Amino acid sequence: QVQLIESGGGLVQAGDSLTLSCEASGRTFSSYTMGWFRQSPGKEREFVAGISWIAGRPGYADSVKGRFTVSRDDAKSTVYLQMNSLKPEDTAVYYCAGRRSSNWSRLRSEYGTWGQGTQVTVSS
């Protein structure tokens, strides 16, 4: 079983960049497809980005496409979310999640392993 720990959140201004990291413990990280989700107050947790363990294929929500980049370093058991041109509406708690599948999914129910989340606040 993999355990996930996010880091890198913080308070930034609109237009700034921030990189989130999610480090996994356990020996099977390389066979996990990883996803990033976010949740702001009063809203459902929503898909942000995913990256498969086969060939590292990425996928993004329309709201972040072109601004966010997901990547993974299996040697470090870490997945990253590079966030550029941040907007106030990106403010949320960001979670990484893992699933034992070859493809990422937009559905949070498809992920069985979750981190504790890291807060990102973007001021205008």
Side-chain angles (χ1 to χ4, degrees):
Q1 182 72 10
V2 169
Q3 293 183 324
L4 306 174
I5 300 177
E6 303 97 333
S7 62
L11 172 63
V12 297
Q13 294 186 332
D16 285 351
S17 298
L18 201 61
T19 299
L20 305 183
S21 300
C22 174
E23 184 173 0
S25 63
R27 300 180 179 179
T28 59
F29 174 78
S30 60
S31 63
Y32 272 67
T33 284
M34 302 300 294
W36 284 99
F37 288 75
R38 67 186 181 187
Q39 187 168 20
S40 52
K43 294 187 177 181
E44 295 287 324
R45 190 171 300 186
E46 64 176 359
F47 172 79
V48 175
I51 186 164
S52 68
W53 68 267
I54 296 178
R57 290 192 303 267
Y60 301 95
D62 289 343
S63 59
V64 305
K65 198 173 295 182
R67 299 188 298 123
F68 290 11
T69 302
V70 61
S71 62
R72 63 188 296 158
D73 184 340
D74 289 344
K76 295 182 178 180
S77 297
T78 301
V79 62
Y80 304 96
L81 186 67
Q82 171 69 42
M83 305 184 293
N84 298 327
S85 303
L86 282 162
K87 305 175 181 180
E89 51 264 44
D90 295 318
T91 295
V93 177
Y94 283 71
Y95 300 88
C96 70
R99 64 190 299 249
R100 294 293 297 270
S101 173
S102 57
N103 294 313
W104 51 266
S105 170
R106 298 177 184 273
L107 301 177
R108 60 182 182 180
S109 61
E110 297 288 323
Y111 294 81
T113 303
W114 291 83
Q116 84 288 351
T118 185
Q119 177 71 48
V120 172
T121 303
V122 184
S123 64
S124 58

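Quick note: residue numbers are just sequence positions, from 1. All values reported here derive from a predicted model rather than from experimental measurement.
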For [X], is the [atom1] atom crowded, meaning more than 12 foreign heavy atoms sit under 6.0 Å from it?
{"X": "E46", "atom1": "CD", "answer": "yes"}
{"X": "I5", "atom1": "CD1", "answer": "no"}
{"X": "Q13", "atom1": "CD", "answer": "no"}

Tell me the closest heavy-atom pair linking [X] and [Y], and the distance in Å.
{"X": "T78", "Y": "K76", "value": "OG1-O, 2.8 Å"}
{"X": "G115", "Y": "Y95", "value": "O-CD2, 3.6 Å"}
{"X": "T33", "Y": "S52", "value": "OG1-CA, 3.5 Å"}
{"X": "S31", "Y": "R100", "value": "OG-NE, 3.6 Å"}
{"X": "V120", "Y": "G9", "value": "CG2-CA, 4.1 Å"}
{"X": "S40", "Y": "A92", "value": "N-CB, 4.0 Å"}

Is there a side-chain contact between [X] and [Y] (heavy atoms, below 4.5 Å)?
{"X": "Q116", "Y": "L4", "value": "no"}
{"X": "T19", "Y": "M83", "value": "no"}
{"X": "T118", "Y": "V93", "value": "no"}
{"X": "E110", "Y": "S101", "value": "no"}
{"X": "V12", "Y": "T121", "value": "no"}
{"X": "L81", "Y": "T69", "value": "no"}
{"X": "W36", "Y": "V70", "value": "yes"}
{"X": "N103", "Y": "R57", "value": "yes"}

Geometric cation-pi criterion, R72 with Y80: 6.0 Å, 45°: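 No, R72 and Y80 do not form such a contact.
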Could you state the interatomic distance from [atom1] ([X]) to [atom2] ([Y]), rounded to the nearest 0.5 Å?
{"X": "L86", "Y": "S123", "atom1": "CG", "atom2": "OG", "result": "10.5 Å"}
{"X": "I54", "Y": "S30", "atom1": "CD1", "atom2": "OG", "result": "11.0 Å"}
{"X": "M34", "Y": "S71", "atom1": "CE", "atom2": "OG", "result": "11.5 Å"}

Donor-acceptor contact present, side-chain E6 to main-chain G117, <3.5 Å: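 Yes: the side chain of E6 pairs with the backbone of G117.
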N/O donor-acceptor pair under 3.5 Å between R67 side chain and S85 backbone: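 Pair found, side chain donor or acceptor close to backbone of S85.
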Plane angle bin for F68 and Y94 - parallel if under 30°, tilted between 30 and 60°, otherwise perpendicular: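 Ring orientation of Y94 relative to F68: tilted.
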May I ask you to check whether [X] and [Y] place their ring centers less than 6.0 Å from one another?
{"X": "W53", "Y": "F29", "result": "no"}
{"X": "F37", "Y": "Y111", "result": "yes"}
{"X": "W104", "Y": "F47", "result": "yes"}

V122 and E89: CA distance, side-chain angles, deciding distance, side-chain contact (heavy atoms from CB on, under 4.5 Å) verdict: CA-CA 8 Å; V122 184; E89 51 264 44; over 6 Å; no
Intermediate values then yes/no, side-chain contact (heavy atoms from CB on, under 4.5 Å), V64 and R38: CA-CA 12 Å; V64 305; R38 67 186 181 187; 4.0 Å; yes
Criterion side-chain contact (heavy atoms from CB on, under 4.5 Å) on Y32 and T113, from CA distance to verdict: CA-CA 10 Å; Y32 272 67; T113 303; 4.1 Å; yes
Salt bridge flag under 4.0 Å for residues D90 and K87: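 Looking at K87 together with D90, the answer is no, because their closest N to O distance does not fall below 4.0 Å.
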Verify same cluster id: L20, W114 (apolar side-chain graph, 4.5 Å):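 No: no chain of side-chain contacts under 4.5 Å links L20 to W114.
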